[in-house]
Q: 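Dropping the structure in here first, questions after.
Below, chain A is the first sequence line, B the second, and so on; all start at residue 1.
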Protein chains: 2
Amino acid sequence: MLTFLARNKLIILYGTSLALLLFLVKWLELRFLIINHASEVYIGAIAVLFTALGIWLALKLTKPKIETVVVEKAIYIASTDFVLNENELTKIGLSKRELEVLQLIANGLSNQEIASRLYVSLNTVKTHSSKVLEKLDVKRRTQAIEKAKRLSLIP
Amino acid sequence: MLTFLARNKLIILYGTSLALLLFLVKWLELRFLIINHASEVYIGAIAVLFTALGIWLALKLTKPKIETVVVEKAIYIASTDFVLNENELTKIGLSKRELEVLQLIANGLSNQEIASRLYVSLNTVKTHSSKVLEKLDVKRRTQAIEKAKRLSLIP
DNA sequence: CCCCCGTTCATCCTTTCGGGTGATTTTTCG
DNA sequence: CGAAAAATCACCCGAAAGGATGAACGGGGG
């Protein structure tokens with residue numbers, strides 16, 4: 001019931017207004033029929049009155065347009081956690097020992113220092129280091145470091 | 001003159017319309033005075049006509065109001081942009097050239113490749129490289145890279 | 001004018017890295 | 001169990017990096 005009133009609010013308003021207007025017209029018509037020689041004033045009044053009514057109705061009936069503007073707001077997230085890229089690791093085929101040596105190289109250790117750290121000989125480290133360069137398809141350890149970080153093999 | 005017209009555009013338009021309406025009213029009045037017994041129809045027609053005219057005028061004279069609603073949409077972006085740590089750079093005292101060479105070392109270039117890139121001799125690059133190691137207080141370029149990244153001197 | 005700093009370049013020498021070749025031992029997997 | 005892969009080790013040699021020393025030049029500031 002209330003929804004019916006709300007939905008048809010404009011129609012009811014317009015209908016009531018027209019009914020009132022017709023009543024007003026009839027009433028004015030009867031009064032001016034008595035004063036017969038004043039018909040020109042009567043007509044002029046009606047013209048102005050109903051023009052104003054039309055303007056009022058038009059302003060009431062037009063709804064303002066609603067325009068939605070979407071503004072994208074960038075929120076930056078610092079990503080500092082390293083996650084090993086297992087896919088790349090499998091693809092490149094580094095062994096556990098080779099990856100270990102690569103990490104120590106990237107930490108700035110010399111071959112001899114790595115050998116001491118891992119309790120192996122310098123020759124062993126050189127062998128692993130060479131395999132790392134070969135599998136990463138690079139020419140020197142600085143390139144290996146850069147590529148391994150880029151591929152998320154080392155942090 | 002033109003500004004007067006532009007500023008009073010509505011007034012002039014409304015006045016002209018009213019003049020036209022009065023003319024129309026007078027004209028209709030003369031025609032319906034001839035057919036005297038049809039005064040009721042005449043009045044009804046005037047009422048409807050001028051209501052429509054008012055509506056038309058209102059639509060022409062008023063622009064529809066546009067209401068703008070701004071909606072913010074959050075977009076999350078991982079922050080990968082490097083920001084140089086100027087404090088550390090000043091503290092360590094690397095020159096522009098030295099920093100440039102360090103960056104190229106970290107990109108995996110050999111000394112000879114850096115020399116070609118910068119149009120200088122290999123000796124010049126070795127000199128800068130040595131100064132970089134000295135100022136960073138490290139023993140080899142892999143250590144320099146690691147430290148420079150840690151201190152946000154290079155991306 | 002002198003001093004300092006940055007840039008460039010050279011030379012000599014040492015150390016480290018990287019390529020190549022080969023072998024042995026250990027571990028993993030079908 | 002046997003084959004393949006991984007790990008370990010050795011040796012030779014050249015390339016590259018790094019240390020030390022020195023010099024020349026230009027620009028800026030006192």
Q: Among A/H128, A/K126, A/K96, which one satisfies side chain to side chain contact (heavy atoms under 4.5 Å, CB included) with A/V101?
A: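 Among A/H128, A/K126, A/K96, the one that satisfies the side chain to side chain contact (heavy atoms under 4.5 Å, CB included) with A/V101 is A/H128.
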Q: First contact, last contact: which nucleotides of DNA chain C are these for chain B, 5' to 3', heavy-atom distance under 4.0 Å?
A: C/dT7 to C/dT11
Q: Take atom CZ of A/R140 and atom C1' of D/dG14, then tell me their distance rounded to the nearest Å.
A: 15 Å
Q: B/L102 vs B/L136, test: side-chain contact (heavy atoms from CB on, under 4.5 Å). Steps then yes/no.
A: CA-CA 11 Å; B/L102 176 58; B/L136 283 175; 4.2 Å; yes
Q: Side-chain contact, heavy-atom cut-off 4.5 Å: A/N111 with A/V125?
A: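 Result yes, sub-4.5 Å side-chain heavy-atom pair found.
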Q: Can you measure A/Q143 atom CD to D/dA17 atom P for me and round it to whole angstrom units?
A: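 After rounding, the reported distance stands at 10 Å.
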Q: Please list, chain by chain and in numerical order, all residues satisfying side chain to side chain donor-acceptor pair (under 3.5 Å) with A/R140, sequence neighbours excluded.
A: B/E113
Q: Pick the nucleotide of DNA chain C nearest each of A/Q112 and B/R97; which residue has the one closer to the 5' end?
A: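 The 5'-side residue here is B/R97.
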Q: Go through the steps to decide whether A/V132 and A/S129 satisfy the test side-chain contact (heavy atoms from CB on, under 4.5 Å), and finish with yes or no.
A: CA-CA 5 Å; A/V132 165; A/S129 171; 5.6 Å; no
Q: Measure the distance from CG on B/L109 to C1' on D/dA15 and round it to the nearest whole Å.
A: 17 Å
Q: Heavy-atom contacts under 4.0 Å between residues 118-133 of chain A and DNA chain C, which residues?
A: A/K126, A/S129, A/S130, A/L133
Q: Carefully, step by step, assess A/L99 and A/L94 under the rule side-chain contact (heavy atoms from CB on, under 4.5 Å).
A: CA-CA 6 Å; A/L99 182 61; A/L94 288 183; 4.2 Å; yes
Q: Would B/I145 and A/R141 count as a side-chain contact (heavy atoms from CB on, under 4.5 Å) if you check the C-alpha gap in whole Å, the side-chain angles of each, and the deciding distance to 0.1 Å?
A: CA-CA 11 Å; B/I145 295 168; A/R141 57 186 47 193; over 6 Å; no
Q: Measuring from atom CZ of A/R150 to atom NZ of A/K147, what distance do you get when rounded to the nearest 0.5 angstrom?
A: 6.5 Å
